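Take a look at the structure set out below.
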Amino acid sequence: MGKTTIFGHKDSSNIRVNRSRQINRKQGEFCKFIIPQKIDFLAINSLNSLSLLSVTNSQGPTPPVAGAILRPLIGGLCNDSGGITVMMTLPRRLSTAVACFQFFLFVCICNAERYNTRILATQSEKHGEEYCAMYDICGARSDGKVLNCPFGSPSVKPDDLLSAKIQSLCPTISGNICCTEAQFDTLRTQVQQAIPFLVGCPACLRNFLNLFCELTCSPHQSQFINVTSISKIKNNMTVGGIDYYITDTFGEGLFDSCKDVKFGTMNSRAIEFVGASAKNFKEWFAFIGRKADLQVPGSPYGINFRPDADVATGMKPMNVTTYSCGDTSLGCSCGDCPSSPVCSSSTLSSPHNKGSCSVKIGSLKARCVEVSLAIVYIILASLFLAWGLFYKRGARKTSLRTRPLVNVTNGGDQVQHVHGKKDKNIPMQMPEDNPQIASGVQLSVVQGYMAKTFRLYGAWVARNPVIVLCSSLAVVLLLGLGLIRFQVETRPEKLWVGHGSRAAEEKQYFDSHLAPFYRIEQLLLATKPLATHEKPPSIVTEENIKLLFAIQDKVDGIRANYTGSLVSLTDICMKPLGEACATQSILQYYKMDPKNFENYGGIEHAEYCFQHYTSDENCMSAFKGPLEPSTALGGFSGSNYSEASAFIITYPVNNVIDKESNETKRAIAWEKAFIKLVEDELLPMVASKNLTLSYSSESSIEEELKRESTADAITILISYLVMFAYISLALGDTPRFTSFYISSKVLLGLSGVMLVMLSVIASVGFFSAIGVKSTLIIMEVIPFLVLAVGVDNMCILVHAVKRQQVELPLEGRISNALAEVGPSITLASLSEVLAFAVGSFIPMPACRVFSMFAALAILLDFLLQVTAFVALIVFDFMRAEDQRIDCFPCIKASSSVSDTDQVNNQRKSGLLTRYMKEVHAPILGLWVVKLVVIAVFAALSLASIALCTRIQPGLEQQIVMPRDSYLQGYFNNVSEYLRIGPPLYFVVKNYNYSSESRHTNQLCSINHCDANSLLNEISKASLVPTSSYIAKPAASWLDDFLVWVSPEAFGCCRKFTNGSYCPPDDQPPCCSSSDGSCSTNGFCKDCTTCFRHSDFQNDRPTTPQFKEKLPWFLDSLPSADCAKGGHGAYTNSVELTGFENGIIQTSSFRTYHTPLNKQVDFVNSMRAAREFSSRVSDSLNIEVFPYSVFYMFFEQYLDIWKTALISLAIAIGAVFVVCLVITCSLWSSSIIVLVLVMILVDMLGVMAILNIQLNAVSVVNLVMSVGIAVEFCVHITHAFLVSSGDRDQRTKEALGTMGASVFSGITITKLVGVIVLCFSRTEIFVVYYFQMYLALVLLGFLHGLIFLPVVLSMFGPPSRRVLIERKEDNKSSASSSL
């Protein structure tokens, strides 16, 4: 056999083949013109084909056989060009010329016939047994590839040494052989390139070796080999082409045994390298048989594999028995042979995909939960309406029977007896009708104590406003001093990854024991669609590749300044195999050199490399590794790389654990220069070519977050000005032209807004003082939030004071007002603080810190309101009573405004109050309206429950960035164009490689490994990527190491006679010229394989062997002679620290996730990887965990629903307990909790409609919604409790008393504070704060002022008002039960 290498080559000889055919045709025609036809006939008979008279190589046509035969006889009649010319000088006389020509022609014919006779004689015994079709080596091409002799000969008996050598490689060949020792050495040298790829599956390797052993050395070679073309090399005849007759049975058996064999280093199949990704054995044979160009790996002559042998001529196709990969004698691992019966019985159970249950009604397809809830609603609504109609009819009958009685309660309650008897509802008119009966409120113990305390406190504040104001401001300002230690956290891992996170701990473990994942700098260059909804054109054009070279030239020219030194890409880039950066770019197919673009054939070379990137050396990258097209191209479908619409250029940069190290700072300096280059030069360059360019660096997110922190300062300022203007109007009296400058509350409103700011400053100062860093959310959201929440109590306090009798002194009015509203605002504020505090248990740091800051700010704001703001109210009312002008209290107005006007103005009910009492409450009191309200709100809640199932976990990266950030386009393009998923590492702890341990076979995936080993299970999981999210088999350093040390891979692990490491022959020189271990050509000599099979224990290296050779393997460079070298591919995959003890503390096996385009894909892929690792760890009793760079950011979403429900339950429980303790009414507390739950459920429904994802931000918002929603409920409920009359009358009284305050002081203030957020430049504030809080305010308003009053009017608790009969010496009380 000639030097037939296993790796293929680019078929760049098509043009030369066509040219050769033209030359052959001309030569044939020329010979026909000169030589008689019988010469042609003889030539055809002797060589089987006229076309074989001329055989081409890469330098042009070689001399034809006929010319070679005739040349010695006629002195150059046939020249080297293949044409036959007459070299004589024509004589003057024609007869002499004719005679001379006839003489030479006769000599030519005679010699040709004599040669043909000899060839024919050979042909008669050519196809017999024990006969060779080609024997020995007769020449070599200019690139050194040897060529066999084309002449047959009987097979020969080898000596014992050669026979033993042949048997070691070709056990099917025994007895005589058809190869010399030189031929066998050539065979052995060439197949050693393929052995490392296939040795993991002995059946495949055996079949593969049989194919070439039979071709080279079989004693029956002539039965299935036919020489079809002959070449002449230095006057020697050599084989130019052969037919190799082989049965389809053998071909199918060979391909089936090898098609699934892995090549772990590249996370791919070996067939991609040794067979150019052949899909069947015919494609594989066509690849193997292709004749290689000079200096290109491949066969030195063409091999035509044919199944149709001519039996009549003695031909018989080669049909050596093939071994199935499932054969027990040569069994392969399950990873290399998933079809094996052993493997199919142990197939890993893939995670069950829970299909969503759905019901199809006509053309409408609805989920089962939606249909179920609809049925439940219909049943409940029907029952409720039926009850409502029945109850109303019964109430009418009772009303008719009891009409003569005076005091009958609504709904048929008992008659009220004044003298000592109790009833649930007391008519509110009774105290007025009967002057001997007074009314009072019997509060709960806690409420009574709080009311008494607030009454005394209010009187004290009214007497000492200066002391209260100064002391409260002093405390707040003291806390604000902590701002001197104020810091903002912008590092993503510190913002979004919780302390103690499993993923964070695993990342820390991975980084410290192996190596941190490299930094990524990336460019995405894409074409634009020619029209809307059209597919963008391909980007793989000559013009675009040249543009890419220009871009690369500018990137290479970046020189960033760091502490006076210049930093270039080559200084920081990752260089796995030498001095070249491992840049992932299509330019690697041209070795990153623009000169090679034309030299390699332009765009055609890139398109060729898309299919042969693993097999052609010309397609290898500058960093000496294959470049998978899917890493450098985007926007294609399947493997149609030529249709790609985007170039993806990735610059991997070295990373270190210490983020403050010089290495990191140098990288950041270069990244900043890189971003500046893109913005200043590359974007205009790309735009001129009608292309788009998106870009990112490792530090881009952090830099954009820093820029974002100051982006909305104007928005914050405007929001406070708007709130100040509204508060000034809301706190003031009804405007009158004659007194507005006195009755207005501008100065009071401004003071209240300042108190809110001071509470935020004090909160931030306190946490800064104890070392807690602030976040972007705190700086932008808390001011709005506290302002919206804190202003409510201001309105309630001022309105309460204004409701008091003007005849009372100011001290009494302040005291009564605090006693009236103090318990309710305390209840609301305490509920808000507790709800915000619950958010501090969320593991995400940004949300946890936000909750802590917000809870303290709201608590401080409440304390300032009941201290400093009450004191300010005292000052403001004193100002108004003293006729001093608002904003200018030093100026006293004239006494033209009478006290009576002020009194009337203060006693007069506002428009909103009259609307609530005279319009809103009566409408809600209608029975039909009540039924409709209950039905509608119940429908909203059930619909929201159905919609909850549509909420997806996650947090889109685009939302976190500013709207004008360049990362917005980058994130969108990554999702659109990327066709490969993130790397996934399975990390193994404490691998015991000693001979006594079974860990090796429990992990590896080559022969003799366990069927359920880790790597076999990963390989099987990659067969179901839709559920496992694993795209490829894992790159296994362990498999490659076991192959590398095996005796079969004789070109890999080699040693000198002194026991030192001997590199492969294609990595010369292996020694210095003075050393005696080198041959003349620089190759190593006196090298032997490291081990024999007998040296191993159970076909595995012993503990000392493993310990000694593993460092060799990790330092060995991969090359053609040994592709299994571990340097580069596995340099950071094994921790060698302490491995001498027989335990490798940490090692990793790399694979890839499938492309992940949605947040839910990231979450599900992480969940699937963890479930897989847990299952394998339990099965093998080995600790294994998965790691990918994105895990720590997505871990929170694995149990986000559980976290959300638990947090909401705690918050609701806390509010319920507070309400129960303060009111001592289980009835009213339950109604408040019911309304809160309905608001939360509706909030979830709104999230589903607005596509707001469930994450820590939204969970914190939901938890805080509990506290904020309390305000919409507690004041109305409290007013209902202390009112007298039947339920309808008490509802009307509660709406008249607190409805206006809830609307103007709670709803409107929150709307004003929240609406400003819609102008934020950051999407996260618009989505998660503006939209969610706006929905909360609207839902709170609807539930608090519509649903809650209806529920109270139908099912409200009894009144707390007590009637007292006035007598001269005796007072008897009548109180109602709770």
Side-chain angles (χ1 to χ4, degrees), residues 1-4 11 13 16-18 20-21 23-25 27-28 40-58 61-69 82 115-116 118-128 131-139 141 145-153 178 211-212 214-216 218 220-233 236-247 282 285-292 298-318:
M1 172 184 171
K3 190 174 183 181
T4 305
D11 194 6
S13 61
R16 289 192 292 271
V17 170
N18 293 334
S20 172
R21 290 172 180 170
I23 295 172
N24 290 342
R25 183 170 62 251
Q27 291 170 351
D40 289 341
F41 178 76
L42 292 174
I44 292 172
N45 286 338
S46 63
L47 298 175
N48 297 327
S49 174
L50 180 62
S51 64
L52 296 178
L53 289 172
S54 178
V55 181
T56 65
N57 62 19
S58 60
T62 57
V65 178
I69 297 173
Y115 177 76
N116 182 64
R118 182 166 62 87
I119 294 295
L120 289 175
T122 302
Q123 291 285 347
S124 63
E125 53 184 352
K126 175 178 177 181
H127 301 306
Y131 205 84
C132 308
M134 47 187 183
Y135 184 79
D136 208 350
I137 297 174
C138 287
R141 302 196 318 181
K145 292 181 180 178
V146 297
L147 296 167
N148 295 336
C149 300
F151 306 114
S153 64
C178 280
L211 175 69
F212 292 95
E214 295 294 324
L215 168 65
T216 306
S218 172
H220 312 301
Q221 186 189 71
S222 63
Q223 289 187 312
F224 47 82
I225 298 295
N226 185 36
V227 178
T228 58
S229 174
I230 298 176
S231 301
K232 182 179 180 183
I233 302 295
N236 291 327
M237 308 303 298
T238 62
V239 172
I242 64 171
D243 283 341
Y244 189 175
Y245 293 95
I246 191 168
T247 63
K282 293 182 179 179
F285 284 170
F287 169 76
I288 294 173
R290 187 185 305 150
K291 181 180 178 180
S299 173
Y301 53 79
I303 304 175
N304 182 25
F305 291 90
R306 299 176 58 181
D308 53 337
D310 188 358
V311 181
T313 61
M315 300 295 289
K316 182 180 179 181
M318 194 277 288

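What's counted below: heavy atoms across the whole structure, side chains too, no hydrogens, waters or symmetry copies. This structure is a prediction, so every number in the text was calculated from the model and none was measured.
- Among the candidates N148, N304, N226, L215, the single residue satisfying the side chain to side chain contact (heavy atoms under 4.5 Å, CB included) test with I242 is L215.
- Minimum heavy-atom separation, V239 to P150: CG2-CA, 3.7 Å.
- Here the closest non-hydrogen pair linking F212 and I288 is CZ-CG2, 3.6 Å.
- Counting heavy atoms from C-beta outward, V227 and Y301 have side chains that stay 4.5 Å or more apart.
- Looking at every heavy atom in both residues, S231 comes nearest to G240 through OG-CA, 3.6 Å.
- Panel note: side chain S222, backbone G128; a donor-acceptor pair is recorded below 3.5 Å.
- By the ring pair (Phe, Tyr, Trp, His ring centres under 6.0 Å) test, Y245 is found to be paired with no residue, residues two or more places apart in sequence or in another chain being considered.
- Atom CG of D308 and atom OG1 of T247 lie 12.5 Å apart (nearest 0.5 Å).
- For S218, the side-chain contact (heavy atoms from CB on, under 4.5 Å) criterion is met by E214, H220, F224, not counting sequence neighbours.
- Taking CE of M318 as the reference point, atom CZ of F305 lies at 8.5 Å (rounded to 0.5 Å).
- Note that the OG1 atom of T228 and the CD1 atom of I303 stand 10.5 Å from one another [nearest 0.5 Å].
- Taken from CE in M315 to CD1 in I225, the straight-line distance is 7.5 Å, to the nearest 0.5 Å.
- Put simply, CG on L147 and CZ on R141 are 7.0 Å apart, with the number rounded to the nearest 0.5 Å.
- Qualifying ring pair (Phe, Tyr, Trp, His ring centres under 6.0 Å) partners for Y135, counting only residues two or more places apart in sequence or in other chains: none.
- Taking all atoms of both residues into account, the shortest heavy-atom contact from P317 to P307 is CG-O, 3.9 Å.
- Heavy-atom minimum distance, C138 versus M237: CB-O, 3.4 Å.
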